[in-house]
Amino acid sequence: MKAECYLQNLLQKIVEEKKWAWPEKVSIEPPNDKQYGDLAVNLAMLLTKEAQMPPRQIAEGLAQAIHAQDKGYIEKIEIAGPGFLNFTFSQNFWLSILSEVHELGKAYGSSELGKGTRVQIEYVSANPTGPLHIGHGRGAALGDSLSRILEKTGFEVECEYYINDAGRQMHILGESILYRLRQALGHKPQKPKEYYQGEYIQHIGAVVIAQYEDILDMDEAKAIEICKNIGMKSILQTIREDLQAFGVRHDIWFSEKSLVEEGKVDETFADLQKSGLAYEQDNAFWFKATQFGDDKDRVLRKSNGDTTYFASDIAYHDNKFKRGFDLVVDIWGADHHGYVPRMSAAVEALGHSGELKMLLVKLVNLIENGVQISMSTRAGKFETLKDVLDEVGSDAARFIFLSRKSDSNLDFDLNLVKQKSMDNPVYYVQYAHARICSMLRKAEAEGHAPANISHNLCDLDTPDDRELLLLLDQFPNTVESAARNLSPHMVSYYLQTLASSLHKYYTNNHVLSADPQRCRARLFLLKCVAEVLASGLSLLGVNAPESM
RNA sequence: GGGUCAGUAGCUCAGUUGGAUAGAGCAUCGGCCUUCUAAGCCGACGGUCGAGGGUUCGAAUCCUUCCUGACCCGCCA
């Protein structure tokens, strides 16, 4: 990152001197295995479009010009094929990265990318009709990790859980509880058309009867209402506990019901109608979604007078933007993707300046003994998040969830995740951290202190040293990319690369038996690596153990 | 029929938004523990980036047409 910036600035100056237009992109390549510690600059566009001279001549001219401007950071410039210049940076330059890591400590990798931008992330938001399952876990891990990454890059982040406590699903929940309750008391009630079948429904029934002995003598509607409220409260409590066990944070729990009761939905209706974006037809109230690129107009209030889910969702998003967020991130299950165009249309129609981004999380295929386990909340058949966490632990689950792009399918193989082996990338990364800690402990016991930045670190000059230094330099860049693309998996991949380099380093270089000066320098380097590993893991919400 | 996303090594997937000879992990095969944690390291094997066409100095990446898969297309939530 530092190296890229440095080169970019140098090049820009030279291009200006030569009176060329700065090309849209000059790409600066990280080194490959063979050219450890080098950086390549690709000048093809510049060569072909701007300067009408043979590529080789241009490259030579540039190399000289860069050399003249350099402050001693660049050791060597090579012309490597048409349009490519390879730069080798000097030892001093690489060491300056270490001082940065050391000085900034935990703050290394932070940036001001999102300074002054307020972001809201809404995630999980599962209907309080049953316990969280493994699919919710993926959304939870994503949202939480994203909030950490965005905070690291300077955004002001607020996390929210939207409680769908006003809709038909809640009514069904009430009915289900009452139905089970009657059954348990020996009645033979009529089966509701749809009902939740999980065991937890019976447990809730027991709670209801303990509080309301006379529940069965009550008016049906009233009884359902009571069941519904107790059920919701109880399930919501379970959800909170599960999320807490998973280390996931929500700042605000926002109730759909409160939105309806405060008349916000009607307000939004009025606003839309005023701007001519909604109309009455066939006794229903419609939103002109087609005007914003959706396939068809969408109903907001049905002819029977009920409002749709979409209606309260518009009001909700209206409310979000009125709270002043510059960016609103919604994390949804991928089965809602058909819903994206109309929601975008609605937000556009509301005319707020903020931006809405929707992340879709695809299903998680839970696999046990090579067989896929199917899930369904209605039928009460699922692997709950809690069960999975109890089996594999929070760290392993999180790492797996975050190891893929959110919109790709994910196989969650229980047997594999449970394994504490090299098949499991979590342990690979954690092990790297633990190894360093262990070494530092041993070093201290034997009287080797790590160097600090004022010491001579020139011994860090082997390819292995350079490889680690370069990776440390790439950390801030990685975090920024992850923030820009809302993609925590980039951090996960980075950590695996860094861990891999560390393990290689560990095997090839016996640190404690090196000569004292080199030993101290290396201990210092490894301390910095451990710091970055821990820092990266914390962005994923995964622990960095000091021993394993 | 329309829409969204995907198709990269035997399997699971990356690929920093158009750059050098396309990368990891797993699986398979072969090496490395009397020294800091072998939960590790090294090597080998493995590719028509779904197919065709186009855009340009240059394409896994952008455009287009097909093929295949997942999901969506209600006055449900």
Side-chain angles (χ1 to χ4, degrees), chain A residues 24-27 29-30 32-35 40 42-45 47-49 55 80-84 86 127 129 164 166-170 172 282-286 294-296 298-310 312-313 333-341 360 362-363 403-405 407-411 413 416 419-428 430-432 434-443 446 448 474 477-478 480-482 484-485 487 489-490 492-494 496-497 499-500 502-514 519 523 526 547-548:
Chain A
E24 274 176 30
K25 189 183 170 192
V26 169
S27 64
E29 305 285 308
N32 59 35
D33 297 342
K34 285 168 199 151
Q35 313 163 297
N42 184 333
L43 300 159
M45 282 180 71
L47 295 173
T48 55
K49 296 240 160 108
F84 281 93
N86 283 348
N127 289 350
T129 54
N164 290 116
R168 202 171 65 92
Q169 294 304 323
M170 296 314 299
I172 296 175
D282 301 334
N283 250 344
F285 190 65
W286 299 73
D294 199 3
D295 301 342
K296 46 177 119 174
R298 305 291 174 176
V299 171
L300 296 176
R301 192 192 306 110
K302 302 183 251 180
S303 50
N304 69 5
D306 290 348
T307 54
T308 60
Y309 176 81
F310 181 47
S312 48
D313 236 14
D335 53 335
H336 286 71
H337 79 260
Y339 196 71
V340 169
L360 299 176
K362 279 210 180 165
L363 274 181
S403 65
R404 300 264 185 275
K405 275 189 307 207
D407 62 353
S408 68
N409 290 313
L410 178 68
D411 286 336
D413 188 326
L416 204 81
Q419 259 178 51
K420 302 196 170 183
S421 75
M422 52 189 182
D423 296 357
N424 196 334
V426 195
Y427 297 107
Y428 186 81
Q430 289 185 322
Y431 184 45
R435 260 186 156 171
I436 297 175
C437 292
S438 159
M439 193 192 303
L440 291 172
R441 277 193 301 270
K442 176 135 187 168
E446 291 180 3
H448 303 280
Q474 284 170 1
N477 199 21
T478 304
E480 276 203 20
S481 280
R484 265 201 205 93
N485 297 297
S487 300
H489 78 274
M490 289 179 167
S492 159
Y493 272 86
Y494 169 81
Q496 291 182 61
T497 311
S500 167
L502 182 276
H503 287 310
K504 185 172 137 193
Y505 191 91
Y506 183 92
T507 308
N508 291 347
N509 306 283
H510 198 274
V511 173
L512 295 184
S513 59
C519 169
L523 286 171
L526 293 181
S547 66
M548 287 172 78

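Keep in mind the model is a prediction, meaning the values are calculated, not measured.
- One finds no side-chain N or O of A/Lys302 lying less than 4.0 angstrom from the OP1 or OP2 phosphate oxygen of B/rG74.
- A 3.5 Å limit on both hydrogen-bonding distances identifies B/rG31 as the Watson-Crick or G-U partner of B/rC41.
- Distance from the side chain of A/Tyr428 is smallest for B/rG40 among the nucleotides B/rU37, B/rG40, B/rU16.
- For B/rU28 and B/rC67, the C1' atoms lie 32 Å apart once the distance is rounded to whole Å.
- The side chain of A/Ser408 places an N or O atom within less than 4.0 Å of a non-bridging phosphate oxygen (OP1 or OP2) of B/rA14.
- In the set B/rC36, B/rG15, B/rG40, B/rC36 carries the atom at the smallest distance from any side-chain atom of A/Met439.
- In textbook terms, a nucleotide whose glycosidic angle is within 90° of 0 is syn, while B/rU37, being further out, is anti.
- Taking the C1' atom of each, B/rG18 and B/rG58 are spaced 8 Å apart, rounded to whole Å.
- As rounded to the nearest Å, B/rU55 and B/rG43 have P atoms that lie 42 Å from one another.
- In the set B/rA14, B/rC73, B/rA77, the nucleotide with an atom closest to the side chain of A/Lys296 is B/rC73.
- Checking B/rA77, B/rC36, B/rA14 against every side-chain atom of A/Arg404, the shortest atom distance belongs to B/rA14.
- Distance check on atom P: B/rU61 versus B/rA9 gives 15 Å, rounded to whole Å.
- A gap of 14 Å separates the P atoms of B/rU12 and B/rG50, to the nearest Å.
- Closest contact between the side chain of A/Asp282 and the listed nucleotides B/rC75, B/rC13, B/rC5 involves B/rC75.
- As a whole-Å value, the separation of A/Leu360 CG from B/rG3 P is 18 Å.
- Within 4.0 Å (heavy atoms only), A/Asp313 reaches no atom of the nucleic acid at all.
- Note on ring orientation: taking the six-membered ring where Trp is involved, the planes of A/Tyr339 and A/Phe310 are perpendicular (angle over 60°, cut-offs 30° and 60°).
- Closest heavy-atom contact between A/Val299 and A/Thr308: O-OG1, 3.0 Å.
- Put simply, the side chain of A/Ile172 does not reach to within 4.5 Å of the side chain of A/Thr129, judged on heavy atoms.
- Comparing B/rC36, B/rC72, B/rU16 against the side chain of A/Asp335 picks out B/rC72 as the nearest.
- Interface remark: the A/Thr308 side chain does not form any donor-acceptor pair with the B/rC75 base, using a distance-only criterion of under 3.5 Å.
- A/His336 comes within 4.0 angstrom of a nucleotide base, judged by non-hydrogen atoms across all strands.
- B/rA24 and B/rC41 have their P atoms separated by 13 Å, given to the nearest Å.
- A/Tyr506 has no side-chain polar atom (N or O) that falls below the 4.0 Å cut-off from OP1 or OP2 of B/rU35.
- Rounded to whole angstrom, the span from the CE atom of A/Met490 across to the P atom of B/rU16 amounts to 7 Å.
- In plain terms, the two heavy atoms of A/Arg435 and A/His503 that are nearest each other are NH1-ND1, 3.0 Å.
- Contact between A/Tyr428 and A/Gln496 at its shortest, heavy atoms only, is CE2-O, 3.8 Å.
- Base pairing of B/rC5: its partner is B/rG69, meeting the Watson-Crick or G-U wobble criterion (both donor-acceptor distances under 3.5 Å).
- Across all strands shown, A/His503 has heavy atoms under 4.0 Å from sugar-phosphate atoms exclusively, and none from any base.
- Across B/rU64 and B/rU4, the matching P atoms stand 11 Å from one another, rounded to whole Å.
- When all heavy atoms are compared, the tightest approach of A/Asp282 to A/Ser303 is O-CB, 4.0 Å.
- For the pair A/Leu512 CG and B/rU35 P, the interatomic distance rounds to 14 Å; values are reported in whole Å.
- Put simply, A/Arg441 has no side-chain N or O that comes within less than 4.0 Å of OP1 or OP2 on B/rU37.
- At a threshold of 4.0 angstrom between heavy atoms, the contacts of A/Ser303 include nucleobase atoms, whether or not backbone atoms are also involved.
- No engagement by A/Ala482 is indicated, since no non-hydrogen atom pair under 4.0 Å with the nucleic acid exists.
- Pair check for B/rC11 finds B/rG25; Watson-Crick or G-U wobble, both atom distances under 3.5 Å.
- The CG-P distance, from A/Asp306 to B/rC75, rounds to 14 Å in whole Å.
- A/Phe310 comes within 4.0 angstrom of no nucleic acid atom, judged by non-hydrogen atoms across all strands.
- Across all strands, A/Ala334 comes closer than 4.0 Å only to sugar-phosphate atoms, never to a base (heavy-atom distances).
- Between A/Gln496 and A/Val511, the residue anchored nearer the 5' end of RNA chain B, judged by the nucleotide with its closest heavy atom, is A/Gln496.
- B/rC67 takes the anti form, because its glycosidic angle lies more than 90° either side of 0.
- Rounded to whole angstrom, the span from the CG atom of A/Leu300 across to the P atom of B/rA77 amounts to 12 Å.
- In terms of position along RNA chain B, the nucleotide closest to A/Asn485 lies nearer the 5' end than the nucleotide closest to the other residue of the pair A/Asn485 and A/Asn283.
- Counting distance only, with no hydrogens placed and no angle test, the side-chain atoms of A/His337 and the base atoms of B/rC71 include a donor-acceptor pair under 3.5 Å.
- The shortest heavy-atom contact between A/Ser547 and A/Ala434 is CA-CB, 3.9 Å.
- Computed from coordinates, the A/Asp407 CG to B/rC13 P distance equals 12 Å when rounded to whole Å.
- Pair check for B/rG53 finds B/rC63; Watson-Crick or G-U wobble, both atom distances under 3.5 Å.
- Atom pair A/Lys504:NZ and B/rG43:C1' shows a separation of 13 Å (rounding to whole Å applied).
- Atom C1' of B/rA39 sits at a distance of 25 Å from the matching atom of B/rC45, rounded to the whole Å.
- Each of A/Val511, A/Leu523, A/Leu526 was checked for a side-chain contact (heavy atoms from CB on, under 4.5 Å) with A/Leu440, and the lone residue meeting it is A/Leu523.
- Atom OH in A/Tyr339 sits roughly 13 Å away from atom P in B/rG74 (whole-Å rounding).
- When the nucleotides B/rC76, B/rC75, B/rU37 are ranked by their closest atom to the side chain of A/Arg168, B/rC76 comes out on top.
- Two residues are said to be in side-chain contact when any heavy atoms from C-beta on lie closer than 4.5 Å; A/Lys302 and A/Thr307 fail this criterion.
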